[in-house]
Undergrad: 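Quick one: structure below, then a few questions.
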Number of protein chains: 2
Amino acid sequence: MSTRITDTTQAKSKKRLEPRKTPVQGRSRASVEAILTAAAQVFESHGYAAGTTNRIAERAGVSVGTLYQYFPSKEAIVVALLEEHLHETTRKLHEWVGHMVSLRHGLRDALTDYVQGIMEVHQTRPRLQHILLEEAPLPPRLHDLLMAADAEAVRTMGGLLRLYPEVGHADPESAAYLVIHTVESLTHRFAAHPDERLLDGPRFVVELVSMLEAYLSCPPGSGATRG
Amino acid sequence: MSTRITDTTQAKSKKRLEPRKTPVQGRSRASVEAILTAAAQVFESHGYAAGTTNRIAERAGVSVGTLYQYFPSKEAIVVALLEEHLHETTRKLHEWVGHMVSLRHGLRDALTDYVQGIMEVHQTRPRLQHILLEEAPLPPRLHDLLMAADAEAVRTMGGLLRLYPEVGHADPESAAYLVIHTVESLTHRFAAHPDERLLDGPRFVVELVSMLEAYLSCPPGSGATRG
DNA sequence: TGTTAACATGAGCTATTGCTCAGGTTATGT
DNA sequence: ACATAACCTGAGCAATAGCTCATGTTAACA
């Protein structure tokens with residue numbers, strides 16, 4: 001689900017990520033909650049670098065000390081936010097798969113559903129997602145998690161594609177790779193820069209679905225001529 | 001050509017970007033050159049935040065003072081590097097268009113050429129490009145430049161698509177938007193994370209080209225069934 | 001050869017940031 | 001009511017980064 005680049009050079013993993021205290025009482029759980037929502041807002045409005053821990057604590061209405069009792073580093077906050085996002089996305093994907101196998105739509109309707117679902121994910125706080133996925137440095141563990149989620153999504157999509165007789169592709173896994181990442185990248189971009197003059201939201205979805213459908217269902221080489 | 005997100009909140013544009021001195025002698029031009037290549041290397045290997053100006057100067061074999069005589073801020077270095085990249089990409093696109101209108105290939109061959117060209121661009125220092133385009137904060141002026149380059153690329157591609165009778169799409173501009181950004185995003189991702197187990201380089205190109213060709217040439221709705 | 005402008009140097013200033021810790025406040029359990 | 005643990009506070013430390021400037025060196029030109 002990301003376009004993040006593997007970092008082999010500055011992977012120092014110097015900071016601990018596990019909280020030094022786990023909240024047990026009500027007020028501390030509220031603090032943790034407040035810190036996370038504040039962090040999301042602060043990152044969204046200031047970017048990663050300018051999203052200082054002091055600012056986050058201030059916005060959350062707690063002191064920096066409190067923040068560092070539950071998040072041992074700034075990185076840990078990013079990790080927590082990203083894990084939330086990851087769970088949300090995975091949940092949506094599985095929910096969608098469930099709908100598809102039960103509803104037995106045609107390919108086009110299924111793809112439309114999928115694209116719209118991913119669009120929804122990307123339209124909520126696109127800048128935050130961009131910051132978390134592309135701008136903030138990630139510990140290797142989380143990076144692996146993201147890659148694993150990507151791979152799992154590809155396998156799931158591949159399995160689903162096999163259920164559609166319209167799909168004439170020899171290798172559903174490869175096709176799934178293209179589908180997953182095309183939808184991911186394009187919806188992300190469109191959510192960030194909706195070029196309304198050229199293409200409004202609904203038309204964008206139609207175009208994207210058309211491309212996917214043509215790719216999956218068109219016999220290869222049809223309509224092509226050689227120079 | 002980017003997936004960068006518009007930043008409306010921290011756009012302070014506090015730093016000047018124009019050099020305070022323009023090199024006139026040979027040695028200073030060499031210094032500027034050295035600084036730029038050093039910056040590219042340092043960003044590539046340390047990331048944006050850890051790519052300090054002192055490190056860049058050290059790597060370039062000059063002092064920080066010299067660096068700041070020609071680049072008034074760290075941001076200015078990023079801008080210079082990105083402008084280089086932008087010119088390079090634009091040049092490649094126009095070169096490709098020239099080839100296409102003169103060679104009069106079929107659609108598939110033309111698309112293959114294009115995808116391979118963009119792949120080449122992304123395979124050289126993908127991490128640096130990622131840092132420049134996604135991680136480093138950009139001044140609004142350069143951001144507008146990137147968006148303008150994107151729009152121009154879409155127009156160019158749209159114009160070219162009209163020349164191919166195989167293209168059965170009603171609106172070449174919208175199709176061009178999808179083509180441009182699909183290729184951009186997917187090749188970028190593939191260059192960064194070449195998942196060789198699932199799809200090697202050449203096969204990736206074939207798949208991507210197949211998708212684009214199917215989208216552009218397949219009559220819409222063929223092979224699709226309704227719910 | 002002398003004068004000037006271009007160029008180079010690098011110690012260190014200023015500002016900022018992630019983070020700590022010594023000491024307070026609130027809840028829990030008996 | 002008392003003791004203990006959970007929780008909170010915020011001034012400030014240590015580290016670091018971007019950047020400056022006083023001073024020294026090299027090239028251009030008369």
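The structure presented is a predicted model; accordingly, all values stated were derived computationally and were not measured. So that the names make sense, note that chain A is the first sequence line, chain B the second, and so on, each numbered from 1.
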Undergrad: Let me know the distance between CZ of B:Phe71 and P of D:dT20, rounded to the nearest Å.
TA: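 Atom CZ in B:Phe71 sits about 15 Å away from atom P in D:dT20.
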Undergrad: At what distance, to the nearest 0.5 angstrom, does CZ of B:Phe43 lie from CG of B:Leu128?
TA: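 B:Phe43 CZ to B:Leu128 CG: 8.5 Å, rounded to 0.5 Å.
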Undergrad: Is any side-chain N or O of B:Tyr68 closer than 4.0 Å to OP1 or OP2 of D:dC19?
TA: yes
Undergrad: For DNA chain C, whose closest nucleotide is more 5', that of B:Gly26 or that of A:Arg27?
TA: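 First, find each residue's nearest nucleotide; the 5'-ward one identifies B:Gly26.
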Undergrad: How many Å lie between CZ on A:Arg29 and C1' on D:dC8, as a whole number?
TA: 16 Å
Undergrad: Can you tell whether the side chains of A:Glu134 and A:Arg127 come within less than 4.0 Å, N to carboxylate O?
TA: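 No, this pair does not count.
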Undergrad: Please determine, for the side chain of B:Thr53, which listed nucleotide (D:dC8, D:dG18, C:dT28) has the closest atom?
TA: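 Nucleotide nearest to B:Thr53's side chain: D:dG18.
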Undergrad: Looking for any heavy atom pair under 4.0 Å, which part of the strands does A:Thr52 touch: base, sugar-phosphate only, or nothing?
TA: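 It contacts sugar-phosphate atoms only.
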Undergrad: Nearest whole angstrom, please: distance from the P of C:dT9 to the CD of B:Glu58.
TA: 13 Å
Undergrad: Output the single nucleotide from C:dA8, D:dC8, D:dT20 whose closest atom is nearest the side chain of B:Ser28.
TA: C:dA8
Undergrad: Would the base of C:dA8 count as contacting B:Gln69 through its side chain, where contact means a donor and an acceptor less than 3.5 Å apart?
TA: yes
Undergrad: Specify the separation, in whole Å, of atom CG of A:Leu67 and atom C1' of D:dT9.
TA: 13 Å
Undergrad: Rounded to whole angstrom units, what separation is found between the CD1 atom of B:Ile35 and the P atom of C:dC7?
TA: 12 Å
Undergrad: Is B:Lys92 salt-bridged to B:Glu95, cutoff N-O under 4.0 Å?
TA: no
Undergrad: Nearest whole angstrom, please: distance from the P of D:dC7 to the CD of A:Glu33.
TA: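 Distance, rounded to whole Å: 15 Å.
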Undergrad: As a test of reading the structure: which of C:dG18, D:dG18, C:dT28 is closest to the side chain of B:Lys74, going by heavy atoms?
TA: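 Side chain of B:Lys74 sits closest to D:dG18.
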Undergrad: Between A:Gln129 (side chain) and A:Val121 (backbone), is there a donor-acceptor pair under 3.5 Å?
TA: yes
Undergrad: The side chain of A:Val24 lies closest to which of these nucleotides: D:dC7, D:dT20, C:dC19?
TA: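 Nearest to the side chain of A:Val24 among the choices is D:dC7.
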Undergrad: Between atom CD in B:Glu75 and atom P in D:dC19, what is the gap in whole Å?
TA: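 Result: 9 Å.
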Undergrad: Does D:dT9 have OP1 or OP2 under 4.0 Å away from a side-chain N or O of A:Ser63?
TA: yes
Undergrad: Could you check whether any side-chain heavy atom of A:Glu44 comes within less than 4.5 Å of a side-chain heavy atom of A:Ile131, counting everything from C-beta outward?
TA: no
Undergrad: Starting at atom CG of A:Asn54, determine the distance to atom P of D:dA14, rounded to an integer number of angstrom.
TA: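 In whole Å, D:dA14 P and A:Asn54 CG are 17 Å from each other.
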Undergrad: D:dC7, OP1 or OP2 - any side-chain N/O from A:Ser31 closer than 4.0 Å?
TA: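 No, because none of the side-chain N or O atoms of A:Ser31 sits under 4.0 Å from OP1 or OP2 of D:dC7.
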Undergrad: Indicate, with a heavy-atom threshold strictly under 4.0 Å, whether A:Thr66 touches base, sugar-phosphate, or nothing.
TA: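 Base: the residue A:Thr66, judged by heavy atoms under 4.0 Å, touches a nucleobase.
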